[in-house]
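For the numbers below, each heavy atom of this structure counts, side chains included, while hydrogens, waters and symmetry mates do not. Here the structure is a predicted model, which means the values were calculated and not measured. First the proteins, then the strands, lettered A, B, ... as listed; each starts at 1.
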Protein chains: 2
Amino acid sequence: MPAPQRVTAASLAAAARTIAESSGIDAVTISAVAAVVGVRPPSLYKHVGHRHDVLRLIADDAARELGDDVTALVGTSSDPRIVLAGIAHAVRAFSARSPRAAGLLFSAPSPEAGPTSEGMAPLIGSLLDAVRRTAPGDPLPAARTLTAWVYGFCTMEQAGAFQLGGDVDEAFEFGLNTLVDALTRVGLPGRASIAARSTESGSEYPQ
Amino acid sequence: MPAPQRVTAASLAAAARTIAESSGIDAVTISAVAAVVGVRPPSLYKHVGHRHDVLRLIADDAARELGDDVTALVGTSSDPRIVLAGIAHAVRAFSARSPRAAGLLFSAPSPEAGPTSEGMAPLIGSLLDAVRRTAPGDPLPAARTLTAWVYGFCTMEQAGAFQLGGDVDEAFEFGLNTLVDALTRVGLPGRASIAARSTESGSEYPQ
DNA sequence: ACCTGAACACCGTTCAAGT
DNA sequence: ACCTGAACACCGTTCAAGT
């Protein structure tokens, strides 16, 4: 009779994520995770090939969880701009409650530690969906603009980068309103003017 | 006669940054840095207290370099919007040429590995300056919005997060124009409407 | 099939000893 | 004043051996 399975992918992910949130990504060692799931370090290599696979389990778990949150919001209001705002708030809430997992989600220390593209698919799909209903034209640049801002804001906030005082909540609302508002205006006069002028003045990447 | 100084802060920073860019942050070990500066590992502890101080040297060096780039751009054009666009391009160019140092700049793995606030001061000062000349009202939320977007975009780009195809350069220009344009419109009708409506509908952080 | 102890090559860090 | 070898407690990872 073979030994009963003591370690599952789900228990591994849960253990790793708990350690990550309470003690940081560096504390997610093979030894620490093994101890939490009640097994000796070498046994983990029956389930993962390398330590970064453990981090990837966290990232994919986070992608699934946030993907669920975001998907649940799509179609929640008849005004797509409210949906978009709700999504941004959901991302920020997730980042506040699971900052380490959130960090792994968009900027893992190495590509191998980041989420699978299959893991990210539902999240990205729902996001593109919401953007498509809000902004005219190609949703991809618009979605990238919104995603980059939300991700950047939350990461900087969690990293403690906003040191100059002021109300950080207010800055989030300001940025959100500015962006959502601008994205619905695409195509109106005034846009694309800077690109044209700065291209005139020389190279594309001034430094 | 005491032994001549073989290690300076500048040589340490340069060695660490070279290793970081060529082999990743994880490769910036005390041993590796010591080998590059031509000394045994324990000797480094005469100059830094911990490994994260070495990472901080990289972060502060990056802050200084990007700060110089950005400061040189302020006042470069009579149109402040062009200055802002130039700054965004400078950040992206820096992130492309020094992705690991750039990562340390805004989202270090731990606060101790991040830049000093003194190191960040010139960069942040110039950025606020440029925003103040462009956007009406409080420059802080506007600067945070722009910074979060640029940082998020560059980090995601370097992490290979833009996997859905499309032109990433175009997405950058799109986001930049959208944001700079929106920031100069602050106060016009249409803004702040979402916040008001989404506050109506319940909690501030829906999830 | 899964788990284990022992072993290997590496870390970061400390410290007494050298010049 | 700076550098060093030796040492410590830790990693990640491999592998032959157990059940």
Visitor: Strictly below 4.0 Å: does S31(B) bring a side-chain N or O up to OP1 or OP2 of dG12(C)?
Guide: yes
Visitor: Measure from the side-chain heavy atoms of K46(B) and tell me the nearest of dC11(C), dC3(D), dT4(C).
Guide: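 Closest nucleotide to the K46(B) side chain: dC3(D).
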Visitor: Which base, if any, makes a Watson-Crick or G-U wobble pair with dA9(D), both distances under 3.5 Å?
Guide: none
Visitor: Report which part of the nucleic acid T29(B) touches: base, sugar-phosphate, or nothing (heavy-atom distance under 4.0 Å, all strands).
Guide: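 Here T29(B) touches the backbone only, sparing every base.
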Visitor: Nearest to the side chain of P41(A), heavy atoms from C-beta on, is which of dC3(C), dT13(D), dC3(D)?
Guide: dT13(D)
Visitor: Are OP1 or OP2 of dG12(D) and a side-chain N or O of H50(A) less than 4.0 angstrom apart?
Guide: no
Visitor: Ignoring hydrogens and angles, tell me if any N or O in the side chain of R51(B) forms a donor-acceptor pair with the backbone of V28(B) under 3.5 Å.
Guide: yes
Visitor: Tell me whether the side-chain N/O atoms of R51(B) come closer than 4.0 Å to OP1 or OP2 in dC11(C).
Guide: no
Visitor: Ring centroids only, cut at 6.0 angstrom: are F172(A) and H89(A) within range, meaning strictly under it?
Guide: yes
Visitor: Do D60(A) side-chain atoms and T116(A) backbone N/O form a donor-acceptor pair below 3.5 Å?
Guide: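 Pair found, side chain donor or acceptor close to backbone of T116(A).
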Visitor: Counting side-chain heavy atoms from C-beta on, which of dC3(D), dC11(D), dT14(D) comes nearest to P42(A)?
Guide: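 Between dC3(D), dC11(D), dT14(D), the one nearest the side chain of P42(A) would be dT14(D).
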Visitor: Is the phosphate of dT4(C) approached by S43(A) (side-chain N or O, under 4.0 Å from OP1 or OP2)?
Guide: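 Checking dT4(C) against S43(A), a side-chain N or O does come within under 4.0 Å of OP1 or OP2.
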Visitor: Take atom CG of L44(B) and atom C1' of dT14(C), then tell me their distance rounded to the nearest Å.
Guide: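 It works out to 14 Å between those atoms.
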Visitor: Without decimals, in angstroms, what is the distance between I30(B) CD1 and dC10(C) C1'?
Guide: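 After rounding, the gap between these two atoms is 14 Å.
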Visitor: Taking atom P of dG12(D) as reference, at what distance in whole Å does atom CG of D26(B) sit?
Guide: 12 Å
Visitor: Whole-Å distance between dT19(D) C1' and R40(A) CZ?
Guide: 16 Å
Visitor: Please give, in whole Å, the distance from dG5(D) P to Y45(B) OH?
Guide: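 So the two atoms are 16 Å apart, to the nearest Å.
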Visitor: To the nearest angstrom, how far is H47(B) atom NE2 from dA1(D) atom P?
Guide: 13 Å
Visitor: Report the relative orientation of the aromatic rings in F162(A) and F153(A); use parallel for angles under 30°, tilted for 30 to 60°, perpendicular for over 60°.
Guide: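 Ring orientation of F162(A) relative to F153(A): tilted.
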Visitor: Look at the side chain of V7(B) and decide which nucleotide, out of dC15(D), dG12(C), dC3(D), has an atom nearest to it.
Guide: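 The closest nucleotide is dC3(D).
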Visitor: Across all strands, who's sitting opposite dG18(C) as a Watson-Crick or G-U wobble pair, both distances under 3.5 Å?
Guide: dC2(D)
Visitor: Counting only N and O atoms by type, is there a donor-acceptor contact under 3.5 Å from the side chain of S11(B) to the main-chain atoms of V7(B)?
Guide: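 Judged by distance alone, no pair lies under 3.5 Å.
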